[in-house]
Asks: 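Handing you this structure, nothing more for now.
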Protein chains: 2
Amino acid sequence: MTESFKKEIVQRIIKNLLDIQLLKLIQTQPMWGYKIKKQVETNFEVKLRHGALYPLLNALEAKGFLASQKQQQGGRIRKVYNITNKGKEYVEAYDSVLKEQIQNKT
Amino acid sequence: MTESFKKEIVQRIIKNLLDIQLLKLIQTQPMWGYKIKKQVETNFEVKLRHGALYPLLNALEAKGFLASQKQQQGGRIRKVYNITNKGKEYVEAYDSVLKEQIQNKT
DNA sequence: TACAATATGTCTTCTTTCAGACATATCTCA
DNA sequence: TGAGATATGTCTGAAAGAAGACATATTGTA
């Protein structure tokens, strides 16, 4: 029971706090959209539409949480994202809130 | 900056994972809708519409996460909610997922 | 006695979000 | 050379969610 609850909760977090998960993932290493999609799908066992992902990545860049540079390999262009200091602060704030949630200090 | 980020994240969690926050609150002590509303509003500094709260509480009871009994005091009726074992399991699963989030074991 | 607070509920309109299609181009392997 | 994978983007119709009104009754206080 608890295991299925956990899967459900993970899915809810991915759905509602996807941007933070992306920041966390890119924080481990710079990554481009397509790879992010595959990583999220294998890590969390969820489907991630590219039609949802790419606009979100662009929005995170516009907000200053991510910075991108285009890498060209042959004729193929990859938009590689790095996390910014602002992005790292957001992730730190998230982890801080989660700790309070667990300790019930809210 | 981090503080305003924290407020934003708390608001997002309340918005998207309100049911879990209600379970956590009722877990500390049995409570009725109106008191829950006031508690959430002071604890998290957010506004909680009663038009959103009452249907959610009823839904949580229908799912078996909460159980209610009506307490009559004079002519006034309070619907006091208790958390069920199933509800406790859901909260445990949530805390477990949060721990994994912090430790990046996801 | 009138107003604010306590107490619980529904319902409609508006807004936001979501799923999936539409669109294009390269690369690899059979 | 054709199919599947890589790679990134937009757009629209449908579904879900939110805000606020509508609804009713009691209690306490000025």
Side-chain angles (χ1 to χ4, degrees), chain A residues 8-22 25-26 29-63 65-82, chain B residues 8-22 25-26 29-63 65-82:
Chain A
E8 186 187 314
I9 290 163
V10 167
Q11 281 171 8
R12 289 180 65 185
I13 289 175
I14 298 296
K15 187 182 174 184
N16 298 306
L17 307 169
L18 177 60
D19 55 340
I20 298 170
Q21 305 308 314
L22 299 184
L25 185 61
I26 294 162
Q29 60 173 315
M31 229 177 277
W32 58 97
Y34 192 84
K35 192 177 180 184
I36 290 164
K37 184 179 182 286
K38 295 293 172 187
Q39 282 280 134
V40 169
E41 285 177 340
T42 54
N43 289 357
F44 300 105
E45 294 174 68
V46 293
K47 292 212 170 165
L48 181 54
R49 290 174 307 111
H50 77 271
L53 177 63
Y54 291 116
L56 178 55
L57 287 170
N58 289 327
L60 286 171
E61 189 174 18
K63 280 184 191 167
F65 293 120
L66 292 176
S68 74
Q69 62 232 32
K70 287 194 177 173
Q71 281 185 359
Q72 190 155 11
Q73 286 164 336
R76 176 170 291 166
I77 298 157
R78 278 179 186 164
K79 206 168 159 185
V80 178
Y81 289 93
N82 283 269
Chain B
E8 186 187 313
I9 289 163
V10 167
Q11 281 171 7
R12 290 180 64 186
I13 288 175
I14 298 298
K15 186 182 173 184
N16 297 306
L17 306 170
L18 177 60
D19 54 340
I20 298 170
Q21 306 306 316
L22 299 184
L25 185 62
I26 294 163
Q29 60 172 315
M31 230 177 276
W32 58 97
Y34 192 83
K35 192 176 182 186
I36 290 164
K37 183 179 182 289
K38 294 292 172 190
Q39 283 280 135
V40 169
E41 284 176 342
T42 55
N43 289 357
F44 299 104
E45 295 173 68
V46 293
K47 292 212 172 165
L48 181 55
R49 291 174 305 112
H50 77 271
L53 177 63
Y54 291 116
L56 178 55
L57 287 170
N58 289 327
L60 286 172
E61 189 174 19
K63 279 184 191 168
F65 293 120
L66 292 176
S68 75
Q69 62 233 29
K70 288 194 177 171
Q71 281 185 0
Q72 192 155 10
Q73 284 164 337
R76 175 171 290 167
I77 297 158
R78 279 178 185 166
K79 205 167 158 185
V80 178
Y81 289 93
N82 284 270

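All values below were derived from every heavy atom in this structure, side-chain atoms included, with hydrogens, water molecules and symmetry-related copies excluded. Remember, it's a predicted structure, so these values are computed and weren't measured experimentally. Labels below follow one simple rule: chain letters A, B, ... track the order of the sequence lines, proteins then strands, and each chain is numbered from 1.
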Asks: Would you say K79(B) places a side-chain N or O within less than 4.0 Å of OP1 or OP2 belonging to dG9(C)?
Replies: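 K79(B) to dG9(C) OP1/OP2: side-chain N or O found under 4.0 Å.
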Asks: In whole Å, I'd like the distance from the CG atom of L56(A) to the P atom of dT17(C).
Replies: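 Checked: the CG to P distance equals 11 Å.
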Asks: Would you mind reading off the distance between L57(B) atom CG and dT8(C) atom C1', rounded to a whole angstrom?
Replies: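 Nearest whole value for this atom pair: 10 Å.
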Asks: When you look at CD of E45(A), are more than 12 heavy atoms from neighbouring residues, nucleotides or ligands closer to it than 6.0 Å?
Replies: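 Open.
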Asks: Rounding to an integer number of Å, can you tell me how far K37(A) NZ sits from dG9(D) P?
Replies: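 So the NZ-P distance, K37(A) to dG9(D), works out to 15 Å.
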Asks: Can you tell me how far P of dA25(C) sits from NZ of K70(A), to the nearest Å?
Replies: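 Checked: the NZ to P distance equals 14 Å.
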Asks: Check the phosphate of dG9(C) against Y54(B), side-chain N and O only, distance under 4.0 Å to OP1 or OP2. Yes or no?
Replies: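 So the side chain of Y54(B) is outside the cut-off, no N or O lying under 4.0 Å from OP1 or OP2 of dG9(C).
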Asks: With DNA chain D as reference, determine whether K35(A) or G75(B) sits nearer its 5' end, using the nearest nucleotide of each.
Replies: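 In this pair, the answer is K35(A).
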Asks: What nucleotide among dA7(D), dT10(C), dC18(C) has an atom nearest to a side-chain atom of K15(A)?
Replies: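 For the K15(A) side chain, the nearest candidate turns out to be dC18(C).
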Asks: Quick one: does Q39(A)'s side chain get under 4.5 Å of L25(A)'s, heavy atoms only?
Replies: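 Q39(A) vs L25(A): side chains touch.
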Asks: Give a yes or no on whether the backbone of L48(B) and the side-chain of E41(B) come within a donor-acceptor separation of less than 3.5 Å.
Replies: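 Side chain of E41(B) to backbone of L48(B): a pair is present.
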Asks: Students often get this wrong, so: under 4.0 angstrom with heavy atoms, is L53(A) touching a base, only sugar-phosphate, or nothing?
Replies: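 Here L53(A) touches no strand at all.
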Asks: Just how far, in rounded Å, is P of dG17(D) from CG of D19(B)?
Replies: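 The answer, rounded to whole Å, is 11 Å.
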Asks: Whole angstroms only, please: what is the CD-C1' distance between Q73(B) and dT8(C)?
Replies: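 Taking CD of Q73(B) and C1' of dT8(C), I get 15 Å after rounding.
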Asks: For K38(B) and P55(B), find the nucleotide of DNA chain C closest to each by heavy atoms; which residue's nucleotide sits nearer the 5' end?
Replies: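 First, find each residue's nearest nucleotide; the 5'-ward one identifies K38(B).
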Asks: Pairing donors with acceptors under 3.5 angstrom, does anything connect the side chains of N58(A) and K79(A)?
Replies: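 Judged by distance alone, the side chains do pair up.
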Asks: With no angle test and no hydrogens, is the base of dA19(C) tied to the side chain of R49(A) by a donor-acceptor pair under 3.5 Å?
Replies: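 Yes, a donor-acceptor pair under 3.5 Å.
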Asks: Over all strands shown, is G51(B) touching base, sugar-phosphate only, or nothing at heavy-atom distances under 4.0 angstrom?
Replies: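 G51(B): base contact, heavy atoms under 4.0 Å.
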Asks: Of the nucleotides dA21(C), dG9(C), dA7(C), which one has an atom closest to the side chain of Y81(B)?
Replies: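 For Y81(B), the side-chain atoms sit closest to dG9(C).
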Asks: Determine, step by step, whether N16(B) and R12(A) satisfy the side-chain contact (heavy atoms from CB on, under 4.5 Å) criterion, reporting the C-alpha distance in whole Å, the side-chain angles of both residues, the deciding distance to 0.1 Å, and the verdict.
Replies: CA-CA 8 Å; N16(B) 297 306; R12(A) 289 180 65 185; over 6 Å; no
Asks: Is R76(B) close enough to dT27(D) that one of its side-chain N or O atoms is under 4.0 Å from OP1 or OP2 there?
Replies: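 Negative; the distance criterion is not met.
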Asks: Between L60(A) (CG) and dG9(D) (C1'), how many Å, whole number?
Replies: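 Distance, rounded to whole Å: 16 Å.
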Asks: Expressed in angstrom and rounded to an integer, what is the separation of H50(A) atom NE2 from dC11(D) atom P?
Replies: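 Distance, rounded to whole Å: 13 Å.
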Asks: Closest to the Y34(B) side chain: dG9(D), dA5(C), dT8(D)?
Replies: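 When the side chain of Y34(B) is considered, dA5(C) is the closest of dG9(D), dA5(C), dT8(D).
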